[in-house]
Amino acid sequence: MTTETAPLPASAPAPAPVWARRAAHAIALCAAPSGLWRIAMASGVHVGYTDRVLREVFGIPGWGIAYVVGLSVLAELAALAPVLLVSDRWRPLSPRVLTPLAWTASGALILMALWQLVVAFTVESQTYMTGGTAQTVWAFAFAPLFAIPALMTAVTWSYAKRNRRRSRA
């Protein structure tokens with residue numbers, strides 16, 4: 001049994017290039033280590049914080065578990081959103097709406113990454129960790145997040161370029 005693919009209508013944009021598809025999926029993979037680190041923290045695995053800090057600062061055990069796990073789930077869902085920009089089948093918003101939204105998200109991600117670099121090197125952000133190994137593990141878990149702005153910008157550029165061609169035709 002052979003399956004034939006129907007030709008795309010003239011109004012459909014060109015399919016996303018392979019590199020853009022890979023970049024969109026890589027965004028979700030970049031968010032995974034930090035989410036797993038947070039879930040480990042919520043489940044009681046020692047991640048470098050004392051029990052006192054977990055209790056008083058993060059509310060773990062208690063409401064902090066729901067917050068940390070919820071944050072991890074929301075972050076991963078947000079990291080999956082760029083897959084919409086390379087999808088050929090499902091388009092929840094028109095390109096006129098989605099393109100500016102994607103550029104805004106790219107710009108916001110760049111600003112957030114720069115801000116996180118500032119926060120990461122302040123004294124306050126390093127006072128809660130117990131030792132050098134914990135900080136190293138934390139850095140390896142959160143470092144992939146800094147690739148997301150560049151990946152998102154590349155995926156957005158590809159989406160905008162493909163849809164700009166369609167609007168000119």
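Not measured: the values here are computed from a predicted model.
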- Item | Thr104 side chain vs Pro100 backbone, donor-acceptor pair below 3.5 Å | yes
- Heavy-atom side-chain proximity of Val137 to Val47 below 4.5 angstrom: no
- Message: Does anything in residues 21-33 form a salt bridge (charged side-chain N to carboxylate O under 4.0 Å, His left out)? List the pairs, not counting sequence neighbours.
- Response: Arg21-Asp88
- Task: State the CG-CG distance between Leu84 and Leu101, to the nearest 0.5 angstrom.
- Result: 10.5 Å
- Minimum heavy-atom separation for Trp19 to Ala154, with atom names? CH2-O, 3.5 Å
- Message: Show the nearest heavy-atom pair for residues Gly48 and Ala134, with the distance to one decimal.
- Response: CA-CB, 3.3 Å
- Item | Cluster overlap Phe142 with Met41, hydrophobic side-chain contacts below 4.5 Å | yes
- Where do Val155 and Ala20 come nearest, in terms of heavy atoms and distance? CG2-O, 3.7 Å
- Minimal heavy-atom distance between Ala24 and Pro82, with the atoms involved, is CB-O, 3.8 Å
Do any side-chain atoms of residues 56-70 form donor-acceptor pairs under 3.5 angstrom with protein atoms, and if so which ones, sequence neighbours left out?
none

- Query: Are Met152 and Leu74 linked, directly or through other ILVMFWY residues, by side chains that come within less than 4.5 angstrom of each other?
  - Reply: no
- Note on the structure: Distance col, row Leu151:CG vs Thr156:OG1, nearest 0.5 angstrom, shows 10.5 Å
- Message: Can you give me the closest heavy-atom contact between Cys30 and Ile148, atom names plus distance?
- Response: CB-CG1, 3.7 Å
- Message: Could you see if Leu145 belongs to whatever hydrophobic cluster contains Leu114? Use Ile, Leu, Val, Met, Phe, Trp, Tyr and a side-chain cutoff under 4.5 Å.
- Response: no
- Message: Is there a path of hydrophobic side-chain contacts, each under 4.5 Å between heavy atoms of I/L/V/M/F/W/Y residues, joining Ile27 to Leu71?
- Response: yes
- Note on the structure: Nearest heavy-atom approach of Ala102 to Leu85 is CB-CD1, 4.0 Å
- Are Trp157 and Ser106 side-chain neighbours, meaning at least one heavy-atom pair lies under 4.5 Å? no
- Message: Please determine whether side chain to side chain contact (heavy atoms under 4.5 Å, CB included) holds for the pair Tyr49 and Arg55, giving the CA-CA distance in whole Å, both sets of side-chain angles, and the decisive distance to 0.1 Å.
- Response: CA-CA 10 Å; Tyr49 296 119; Arg55 203 173 37 256; over 6 Å; no
- Validation row: Glu76, Ser72 side chains within 4.5 angstrom (heavy atoms): no
- Got a second to check how far Ile39's CD1 is from Trp37's CH2, nearest 0.5 Å? 12.0 Å
- Sequence neighbours excluded, which residues qualify as side-chain hydrogen bond (donor to acceptor under 3.5 Å, both in side chains) partners of Thr153? none
